[in-house]
Number of protein chains: 4
Amino acid sequence: MERNRSGENDEPRRRSPSGAAVMQERVTRAIERAVFREWAATGYAALSMEAVARRAGVGKAAIYRRWSSKLAMVSDVTTRVDLRLAGRVSGGSLKEELAQLLWQFRRLLRNPLVARILPDLHAEMPRNPELAAAIRSNVQINRRGRAEQMLRRAMARGELATDLDTDLALDMLGALIYWRMIVTHQVADDAYLDRLTELVLRALDARDQRTS
Amino acid sequence: MERNRSGENDEPRRRSPSGAAVMQERVTRAIERAVFREWAATGYAALSMEAVARRAGVGKAAIYRRWSSKLAMVSDVTTRVDLRLAGRVSGGSLKEELAQLLWQFRRLLRNPLVARILPDLHAEMPRNPELAAAIRSNVQINRRGRAEQMLRRAMARGELATDLDTDLALDMLGALIYWRMIVTHQVADDAYLDRLTELVLRALDARDQRTS
Amino acid sequence: MERNRSGENDEPRRRSPSGAAVMQERVTRAIERAVFREWAATGYAALSMEAVARRAGVGKAAIYRRWSSKLAMVSDVTTRVDLRLAGRVSGGSLKEELAQLLWQFRRLLRNPLVARILPDLHAEMPRNPELAAAIRSNVQINRRGRAEQMLRRAMARGELATDLDTDLALDMLGALIYWRMIVTHQVADDAYLDRLTELVLRALDARDQRTS
Amino acid sequence: MERNRSGENDEPRRRSPSGAAVMQERVTRAIERAVFREWAATGYAALSMEAVARRAGVGKAAIYRRWSSKLAMVSDVTTRVDLRLAGRVSGGSLKEELAQLLWQFRRLLRNPLVARILPDLHAEMPRNPELAAAIRSNVQINRRGRAEQMLRRAMARGELATDLDTDLALDMLGALIYWRMIVTHQVADDAYLDRLTELVLRALDARDQRTS
DNA sequence: TTCTAATCGAGACGGTACGTCCCGTCTTGCC
DNA sequence: GGCAAGACGGGACGTACCGTCTCGATTAGAA
């Protein structure tokens, strides 16, 4: 497992433009790029701050000035991926919206970086309350909020009972794909998602309003 | 993140019994215990052989004599734990058996060592094919097998349709509790398990045969 | 043979002065002191880099950054000590200068560090050409040179024959005290040095010029 | 620096002859042979008990049953060499006996094993009182005693003054050769020994009785 | 001749040190 | 004041020996 040697950094090192706080931004970008490259090359556990700094052509201090630890850096960088990969959910029926949600989630989990860092984050959470809080507020609530809105819209349309067990319903939307892809590492192809959609609708006792 | 200091090992160090080749067995046990405790405390990536040796009151060589690497040690030791914690499932109806299964799974995940080790394991699997294979064959298949037998018994009793989507059904049995307890760290109290039981039965389109 | 335990280092660890690149110099000094202390306590063969680092309150890397091996460190550090301990020799007569030389040498050998390090050095020399060369050029030639000048001055004054066997004479000046103090570990008190002075003068066939 | 591998021992391993306490003797011999071979191959510092045991085809316990440490083993084995190399001193005159003594000493110090282990012993003595006592009683007193008898014979013959400073005289006999060969590593050829003989006689104020 | 005690080779035991790498912090001098 | 560079103390890596201890087999001398 060969690492970078001195001078093998990927950044062009043009200091001259001499703008202002432009440099800091450039440094940040260079670090982010380096994190992704190193991560892909070595995996999370073997990802060393030294290698990231070397690859980015940056001092270690510049990294620690921005993030307090490898995990913090990595989870922050990851968050950007998450947001970029998330999309809007809208459609005429619960079934359509549900399918969009599941497909989006699958797309997210198919991103190799996400698939590798998510379990790391979940594993670290019980050992690291601050991280846990950050993840919960930034990622889960966000995602859960969007799913909840979808359910509420379906209730408003009469597709779902208004006394639905929302809590449990929301768990179902994330749990099965995560379990399938991250925990048991089985395939989750289109057919599986179709079957899963039907299962969820059945479990939620959904009624199709359009055909009535 | 506090580690052991010199002399803080957990083993009583009684050499005197002096029986036979008992010592080697005792050393092995001490190492296994230490692996679990260290793992729970620091996580897989930060699990150091030195800390394990220190905690077990053992020389590093004694560990390397048994396993060639951290991975080998960890995947060997891991395969022992699940079997010990698993129980039997039997009862008159699908609902009863399902409840037993869910309660057992919750008991397993409430074990702090397991709760901390499992996500680490899943995080490590995609980076480590050998470990993944070991886990899959020793743990998951075993557990999935027991759940599948439960479903088959219910089919035989007429509680489930014989064309049931078993694959998806099995996912449901593990996914939600795991998601709830390990991924999102929400509470999974008795009421939640009750609601979950009902949800699963509804999703599987189960029919209660006793009342007919 | 007790070694240092954690925290028992001899250095006060005051980082605050914060002057300039003073730190590197301070670290170097601390290592040198530690080398001498450890050497005297355990001998060259048992001198471990870890013990030196511990005693100096320094990381091992700080040592290896300065010297590539134990030998390099030791032979470099050694060459500094002799010069500091040497003194001037001057006086009206050969007898007086000779006495000064012997007393100086005794003072050197009475330094416990020197008394323990010198024989180690001589023991190591035949096994280690580089060390031998370093010692020879830095220490022995220096010392021998000063003694030779003393003899030449005595010749100029007519106290010694000009065809004196200088080689042998120089051996005599060092050999007996070393043998007495280092090899056989007998006492070398003032009376002994007086008797030795007379013996040397007799062996060299010296003539006192002042009384003529 | 290649060492022995398992099975590469030099001893034929014939247990069958089944004599009596013959085995212990055979083991002892095998160890001694192995010590010399290893020593020659690696030097004292790198001489490991494991390698000696391996080379001798013997368990480590068999060595430690005989000697308490590497140094004890080595100095014991060395002693046998010393005794074998020592000879008698006898002749008609002090000059002749003195020459014999010096030549014998040179022969001893020319033995590479002796030349390497003697300084090790002297270096270890101040750190190891037991070893010091053993060396002093077994080696030095022995040797010093033989030299003293030579001086007494010379006094009886009238070649030396009866009020001779014996202490100092004895030092001279050992000091210069040791200094020359072991400490400064200069050559000590026949011419040097001749000159040294003359120097000693002059220092002792010896009178040749045969020509008078 | 049988039994008991000692010794054998083998190798596991708890340790220490090796020289290297990386951690996260701190210092320096350039820009 | 942020930057890159890199030294700092620290700790873990996997290996080699240390000196001790345990093992079952072999050998010893006394009963």
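Quick caveat: nothing in here was measured; it's all calculated off a predicted structure. Residue numbering restarts at 1 for every chain, and letters A, B, ... go by the order of the sequence lines.
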Practice prompt. Check V58(B) against I63(B) and note the closest heavy-atom contact, atom names and distance.
Written response: CG1-CG1, 4.1 Å
Worksheet item: Where is the tightest heavy-atom contact between M49(A) and Y64(A), given as atom of each residue plus distance?
Response: CG-OH, 3.4 Å
Practice prompt. Determine whether any donor atom in the side chain of K60(B) lies under 3.5 Å from an acceptor atom in the base of dG14(E), or the reverse, and answer yes or no.
Written response: no
Practice prompt. Check every atom of dA12(F), dC23(E), dG15(E) against the side chain of S48(A) and return the nucleotide holding the closest atom.
Written response: dC23(E)
Practice prompt. From the options dG24(E), dG2(F), dC17(F), select the nucleotide whose nearest atom is closest to the side chain of E50(D).
Written response: dC17(F)
Discussion item. Run the salt bridge (charged side-chain N to carboxylate O under 4.0 Å, His left out) test against K70(D) and tell me which residues pass, sequence neighbours left out.
Written reply: none
Integer-rounded Å distance: [N] [atom2] and [X] [atom1]:
X: Y64(B); N: dA16(F); atom1: OH; atom2: P; result: 13 Å
X: R26(D); N: dT27(F); atom1: CZ; atom2: P; result: 9 Å
X: M49(C); N: dA16(F); atom1: CE; atom2: P; result: 20 Å
X: I31(A); N: dG2(F); atom1: CD1; atom2: P; result: 14 Å
X: R65(A); N: dG1(F); atom1: CZ; atom2: P; result: 12 Å
X: M73(C); N: dA17(E); atom1: CE; atom2: P; result: 13 Å
X: I63(C); N: dC8(F); atom1: CD1; atom2: P; result: 11 Å
X: E25(B); N: dT22(F); atom1: CD; atom2: P; result: 18 Å

Item to complete: Would you please confirm or rule out a distance under 4.0 Å between OP1 or OP2 of dC8(F) and any side-chain N or O of R66(C)?
Response: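 Yes, R66(C) has a side-chain N/O under 4.0 Å of OP1/OP2 on dC8(F).
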Worksheet item: Hey, does the side chain of R54(B) come within less than 4.0 Å of dG14(E)'s phosphate (OP1/OP2), counting only N and O?
Response: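 Result: no.
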In residues 116-123 of chain D, what donor-acceptor pairs under 3.5 Å come from side-chain atoms, sequence neighbours left out?
unit_1	atom_1	unit_2	atom_2	d
D120(D)	OD1	R127(C)	NH2	3.1
D120(D)	OD2	R127(C)	NH1	3.3
D120(D)	OD2	R127(C)	NH2	3.1
H122(D)	ND1	L118(D)	O	3.2
H122(D)	ND1	Y178(D)	OH	2.8

Item to complete: Report the residue (A61(C) or A62(B)) whose heavy-atom-nearest nucleotide on DNA chain E is the more 5′ of the two.
Response: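 Looking at DNA chain E, the more 5' nearest nucleotide goes with A62(B).
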Worksheet item: Got V52(B) and W39(B) here, is their nearest side-chain heavy-atom distance under 4.5 Å?
Response: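 No, their side chains stay 4.5 Å or more apart.
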